[in-house]
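Taking it in order: structure first as structure tokens, then the write-up.
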Amino acid sequence: MSHKRLLFRLLLLCALLAISYLAFTPVQYPVAASLNDKISHLAAFLCLALLVDFSWTERGWTIQKFLPLLCYGLFIETVQAFLPYREFSIWDLLADAVGLIIYGLSLPYLLRQPLFQIARH
């Protein structure tokens, strides 16, 4: 495995841990709370999409990458439904999906940028 892929996988692990913590903790952090919640979801899943895609570059951005991430969003919402200080939101899940779709649509542009070309290969 290349050093770049290992780095992206470590960053993915860190992102998953941070997002899970923020999704399940009763503590409201000022930075996360000050942003529009749907924009936070969109940005988080756009970031996850990039990290997953660049962690496993042997395939392009496919449904095999999209669906597990969307299922992770559904998992978060399902767990939140059982937490007394959180709630299930279909709108949050939709924002997650929009973040994944935006990543897929922006990928051709990203891959033309030198930094992303270097990271991809």
Side-chain angles (χ1 to χ4, degrees):
M1 175 185 330
S2 76
H3 291 6
K4 289 181 271 190
R5 283 189 192 178
L6 180 60
L7 175 63
F8 277 107
R9 289 178 187 184
L10 289 173
L11 291 171
L12 174 62
L13 177 62
C14 290
L16 288 169
L17 291 172
I19 290 167
S20 296
Y21 174 76
L22 291 170
F24 303 139
T25 186
V27 179
Q28 291 293 321
Y29 288 92
V31 173
S34 68
L35 295 174
N36 180 305
D37 183 52
K38 304 311 173 254
I39 292 173
S40 297
H41 278 265
L42 187 146
F45 277 77
L46 189 124
C47 177
L48 288 174
L50 184 139
L51 293 173
V52 164
D53 198 28
F54 281 70
S55 291
W56 288 275
T57 57
E58 53 277 354
R59 287 189 211 144
W61 177 245
T62 63
I63 196 79
Q64 288 85 5
K65 292 179 182 177
F66 180 94
L67 279 181
L69 288 171
L70 191 59
C71 287
Y72 172 64
L74 179 59
F75 168 74
I76 288 173
E77 294 305 319
T78 302
V79 171
Q80 287 180 344
F82 294 98
L83 298 175
Y85 46 86
R86 299 284 185 173
E87 60 186 33
F88 182 96
S89 170
I90 195 70
W91 297 110
D92 288 351
L93 188 58
L94 181 62
D96 299 344
V98 169
L100 299 174
I101 292 167
I102 288 173
Y103 173 76
L105 293 174
S106 65
L107 189 57
Y109 171 77
L110 289 176
L111 292 178
R112 287 194 299 259
Q113 307 311 308
L115 177 63
F116 290 100
Q117 289 174 355
I118 292 167
R120 187 80 172 198
H121 299 290

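Note: Phe75 CZ to Gln80 CD = 10.0 Å, rounded to the nearest 0.5 Å. Atoms CG and CG, from Leu94 and Leu70 in turn, are 9.5 Å apart once rounded to the nearest 0.5 Å. Within the model, atoms CG of Leu107 and CG of Asp53 stand 5.5 Å from one another, a figure rounded to the nearest 0.5 Å. From Leu51, atom CG reaches atom CG of Leu46 across 10.0 Å, with rounding to the nearest 0.5 Å. Rounded to the nearest 0.5 Å, atoms CD1 (Ile19) and CD1 (Ile76) are 6.5 Å apart. With values rounded to the nearest 0.5 angstrom, Leu12 atom CG is found 7.5 Å from Leu69 atom CG.
Within 6.0 Å of the CZ atom in Phe24, the count of heavy atoms belonging to other residues, nucleotides or ligands exceeds 12. Atom OH of Tyr85 sits in a crowded spot, with more than 12 heavy atoms from other residues, nucleotides or ligands closer than 6.0 Å.
A continuous path of hydrophobic side-chain contacts links Ile101 to Ile90 [ILVMFWY only; heavy atoms under 4.5 Å]. A chain of hydrophobic side-chain contacts below 4.5 Å, direct or via other Ile, Leu, Val, Met, Phe, Trp or Tyr residues, connects Val52 to Leu105. Both Leu67 and Leu48 sit in one connected hydrophobic cluster of ILVMFWY residues. Membership requires side-chain heavy atoms under 4.5 Å apart, directly or through other members. Follow the hydrophobic side-chain contacts under 4.5 Å out from Tyr72 and you never reach Leu13; the two are in separate clusters.
Among Asp96, Leu93, Val98, the single residue meeting the side chain to side chain contact (heavy atoms under 4.5 Å, CB included) criterion with His41 is Asp96.
Within the structure, ring pair (Phe, Tyr, Trp, His ring centres under 6.0 Å) contacts touching residues 51-71 (residues at least two apart or in different chains) are Phe8-Phe54, Phe54-Phe116, Trp61-Tyr103.
Scanning both residues, Arg86 and Val27, for their nearest heavy atoms gives NH2-O, 4.3 Å. Between Phe88 and Ala81, the shortest heavy-atom distance links the atoms CB-CB, 3.8 Å. When all heavy atoms of Ile63 and Pro68 are compared, the closest pair comes out as O-CD, 3.9 Å.
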Side chain to side chain contact (heavy atoms under 4.5 Å, CB included) between Lys65 and Ser55, intermediate numbers included: CA-CA 11 Å; Lys65 292 179 182 177; Ser55 291; over 6 Å; no
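For the side chain to side chain donor-acceptor pair (under 3.5 Å) test, no residue two or more places apart in sequence or in another chain qualifies with Gln113. Scanning for side chain to side chain donor-acceptor pair (under 3.5 Å) contacts around Gln64 gives Thr62, with sequence neighbours left out.
Between the Thr78 side chain and the Leu74 main chain, a donor and an acceptor come within less than 3.5 Å of each other.
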